[in-house]
J.: 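This is the structure I want to talk about, given as structure tokens.
Throughout, protein chains are lettered first and strands after them, A, B, ... in sequence-line order, and every chain is numbered starting at 1. Quick caveat, the model's predicted, so the values are computed rather than measured.
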2 protein chains.
Amino acid sequence: MTKTATKPVPRKPDYEKALRKAGIRITRPRKIILNILGETEDHPDALEIFRRAEQIDKSISLSTVYRTMKLLEEMGAIHRHAFEGGPSRFEQAGGDHHDHLIDMDTGDVIEFRSDRIEQLQQEIARQLGYDIVHHRLELYGRRRKD
Amino acid sequence: MTKTATKPVPRKPDYEKALRKAGIRITRPRKIILNILGETEDHPDALEIFRRAEQIDKSISLSTVYRTMKLLEEMGAIHRHAFEGGPSRFEQAGGDHHDHLIDMDTGDVIEFRSDRIEQLQQEIARQLGYDIVHHRLELYGRRRKD
DNA sequence: TAATCTTTTGCAACTGAGTGTCATCTGGCA
DNA sequence: TGCCAGATGACACTCAGTTGCAAAAGATTA
């Protein structure tokens with residue numbers, strides 16, 4: 001790994017505390033979903049989170065998963081990624097900012113980070129007379145076989 | 001405009017000829033849609049293309065617009081952009097590759113190009129053991145007021 | 001130009017992801 | 001433990017896009 005791209009280290013902040021402080025009730029479904037997100041290394045979609053949650057509590061509903069994802073997104077606790085040709089996929093926030101490389105054969109998501117690219121984006125936006133609110137950089141590729 | 005970002009010049013290739021050669025029938029709806037795409041400077045969605053097409057031929061249907069967009073995309077004649085929180089938007093292919101800055105207040109799309117960023121993306125993918133098939137770089141921002 | 005044979009169309013029914021409604025339930029505090 | 005605003009599960013609904021199908025219209029040939 002050189003200067004151009006470094007893999008960010010995942011962190012697992014305690015969102016339960018933060019939500020409680022914001023006056024949001026920590027219910028059974030929310031606890032389960034938060035645990036799933038804190039545990040996982042991948043980028044599951046709502047249906048996948050629902051399926052994992054069902055294994056813990058059979059009575060959980062898909063609507064609640066969608067509602068919870070929306071809530072957590074608004075609170076800044078998770079990030080939503082709309083990769084092409086599929087439903088939104090989620091990851092816990094709290095780690096360093098990074099972009100994504102999507103393996104087109106497996107759907108795997110590899111995180112990377114390039115300060116140089118971030119900096120160039122800022123320059124470009126400034127030249128065009130804009131302030132960047134956020135950006136999306138996704139590389140779609142296939143494992144090089146050699 | 002400096003080295004870091006240059007605005008690409010739009011071109012208007014003759015896709016009608018290319019489609020005919022690929023054994024695809026040039027029908028009235030397709031002719032109309034192709035003209036709309038060749039004419040426009042913006043990035044309309046399917047519904048907007050449908051509305052513009054209706055003004056020329058009242059009998060055109062939205063399904064045909066969707067079908068035609070899909071066909072043209074598969075032929076490489078147009079590019080589909082799924083900007084966040086909205087339907088797919090289209091632009092004629094054939095110009096130089098570029099990325100997009102989306103004005104969050106107006107929905108306007110500004111095209112830009114940075115060879116430096118393209119190059120860095122290649123480096124990153126190579127380091128991670130991947131070949132890039134394509135990528136998506138979108139900057140979401142607001143006009144700087146000063 | 002007409003006959004033929006596909007391809008394409010318009011329409012309407014359908015799909016998938018996500019949202020809204022509402023009666024019921026429950027977390028958290030008194 | 002009782003209360004009650006906020007949260008839940010069930011399900012109807014929306015929105016963007018796709019699909020099935022009978023009718024229409026390109027292209028090719030006669």
Side-chain angles (χ1 to χ4, degrees), chain A residues 15-36 43-75 77-90 107, chain B residues 15-36 43-75 77-90 107:
Chain A
Y15 284 112
E16 217 164 291
K17 201 171 290 173
L19 295 198
R20 188 165 263 127
K21 193 157 63 179
I24 282 158
R25 289 190 188 164
I26 305 305
T27 61
R28 194 165 153 67
R30 284 177 183 165
K31 222 181 279 227
I32 291 169
I33 292 169
L34 240 15
N35 278 347
I36 290 168
H43 296 66
D45 60 29
L47 196 58
E48 176 58 29
I49 291 166
F50 170 64
R51 277 195 274 255
R52 295 183 196 175
E54 261 189 321
Q55 316 229 277
I56 296 155
D57 179 351
K58 196 83 192 75
S59 80
I60 207 162
S61 92
L62 182 54
S63 329
T64 297
V65 174
Y66 278 118
R67 272 190 293 240
T68 304
M69 299 330 282
K70 201 180 189 187
L71 175 78
L72 294 176
E73 188 189 7
E74 278 159 9
M75 308 248 347
I78 61 171
H79 294 305
R80 172 190 302 263
H81 303 295
F83 299 135
E84 45 188 49
S88 293
R89 297 171 63 175
F90 303 92
Chain B
Y15 285 113
E16 217 164 291
K17 203 171 290 173
L19 295 198
R20 187 165 262 126
K21 192 158 65 181
I24 282 158
R25 289 188 188 167
I26 306 306
T27 61
R28 193 165 154 67
R30 285 178 183 162
K31 225 183 276 228
I32 291 169
I33 292 168
L34 239 15
N35 278 347
I36 289 168
H43 297 67
D45 60 29
L47 195 59
E48 176 58 28
I49 291 166
F50 169 66
R51 277 196 273 255
R52 295 183 197 176
E54 260 189 322
Q55 317 230 276
I56 297 153
D57 178 351
K58 195 81 192 76
S59 80
I60 208 162
S61 93
L62 183 54
S63 333
T64 296
V65 173
Y66 278 118
R67 273 190 291 238
T68 304
M69 300 329 283
K70 202 180 187 184
L71 175 77
L72 294 177
E73 188 188 9
E74 278 158 9
M75 308 248 347
I78 61 170
H79 296 303
R80 172 190 300 265
H81 304 294
F83 300 136
E84 48 188 47
S88 293
R89 296 169 65 173
F90 304 92

J.: For Ser59(B) and for Arg25(B), locate the closest nucleotide of DNA chain C by heavy-atom distance; then report the residue assigned to the nucleotide nearer the 5' terminus.
T.: Arg25(B)
J.: If I take atom NZ in residue Lys70(B) and atom C1' in nucleotide dA16(D), what distance separates them, rounded to the nearest angstrom?
T.: 13 Å
J.: Closer to the 5' end of DNA chain D via nearest nucleotide, is it Phe90(B) or Ile26(B)?
T.: Phe90(B)
J.: Once you apply a heavy-atom cut-off of 4.0 Å, does Arg67(A) come out as touching a base, just sugar-phosphate, or nothing?
T.: base
J.: Starting from P on dG17(D), measure out to CE on Met69(B) and report it in whole angstrom.
T.: 10 Å
J.: dA16(D) phosphate, OP1 or OP2: any side-chain N/O from Ser88(B) under 4.0 angstrom?
T.: no
J.: Both Arg28(B) and Leu62(B) contact DNA chain D. Which one's nearest nucleotide lies toward the 5' end?
T.: Leu62(B)
J.: Mind checking what makes ring-ring contact (aromatic ring centres under 6.0 Å, His included) contact with Tyr66(A), not counting sequence neighbours?
T.: none
J.: For Arg20(B) and dG26(D), is the shortest distance between a side-chain N/O and OP1 or OP2 below 4.0 Å?
T.: no
J.: Which part of the nucleic acid, if any, lies within reach of Leu47(B) when heavy atoms closer than 4.0 Å are counted: base, sugar-phosphate only, or nothing?
T.: nothing
J.: Measuring from atom CZ of Arg51(B) to atom CD1 of Ile36(B), what distance do you get when rounded to the nearest 0.5 angstrom?
T.: 12.0 Å
J.: What integer distance in Å separates Leu71(A):CG from dG6(D):P?
T.: 13 Å
J.: To the nearest Å, how far apart are Asp45(B) CG and dG17(D) C1'?
T.: 12 Å
J.: Quick check for you: name the first and last nucleotides of DNA chain C, 5' to 3', having an atom under 4.0 Å from a heavy atom of chain B.
T.: dT6(C) to dA12(C)
J.: Return the minimal non-hydrogen interatomic distance between Glu73(A) and Ile78(A), and the atom names on each side.
T.: N-CG1, 3.5 Å
J.: Parallel, tilted or perpendicular: which describes the rings of His81(B) and His79(B), with under 30° parallel and over 60° perpendicular?
T.: tilted
J.: Rounding to an integer number of Å, can you tell me how far Tyr66(A) OH sits from dC13(D) P?
T.: 19 Å
J.: Is there a side-chain contact between Thr68(B) and Leu34(B) in this structure, where contact means two heavy atoms from C-beta onward sitting under 4.5 Å apart?
T.: no
J.: Starting at atom CD1 of Ile60(B), determine the distance to atom P of dA24(D), rounded to an integer number of angstrom.
T.: 18 Å
J.: Using the side chain to side chain contact (heavy atoms under 4.5 Å, CB included) rule, take Asn35(A) and Ile56(A) through it: C-alpha gap first, then chi angles, then the decisive distance, then the call.
T.: CA-CA 11 Å; Asn35(A) 278 347; Ile56(A) 296 155; over 6 Å; no
J.: To the nearest Å, give me how far apart CD (Glu73(B)) and P (dG17(D)) are.
T.: 11 Å
J.: Could you check whether Thr27(A) gets within reach of a base, just the sugar-phosphate, or nothing at all, counting any heavy atom under 4.0 Å?
T.: sugar-phosphate
J.: Do the side chains of Lys70(B) and Glu74(B) get close enough for a salt bridge, i.e. N-O under 4.0 angstrom?
T.: no
J.: If I take atom NZ in residue Lys31(B) and atom P in nucleotide dA25(D), what distance separates them, rounded to the nearest angstrom?
T.: 14 Å
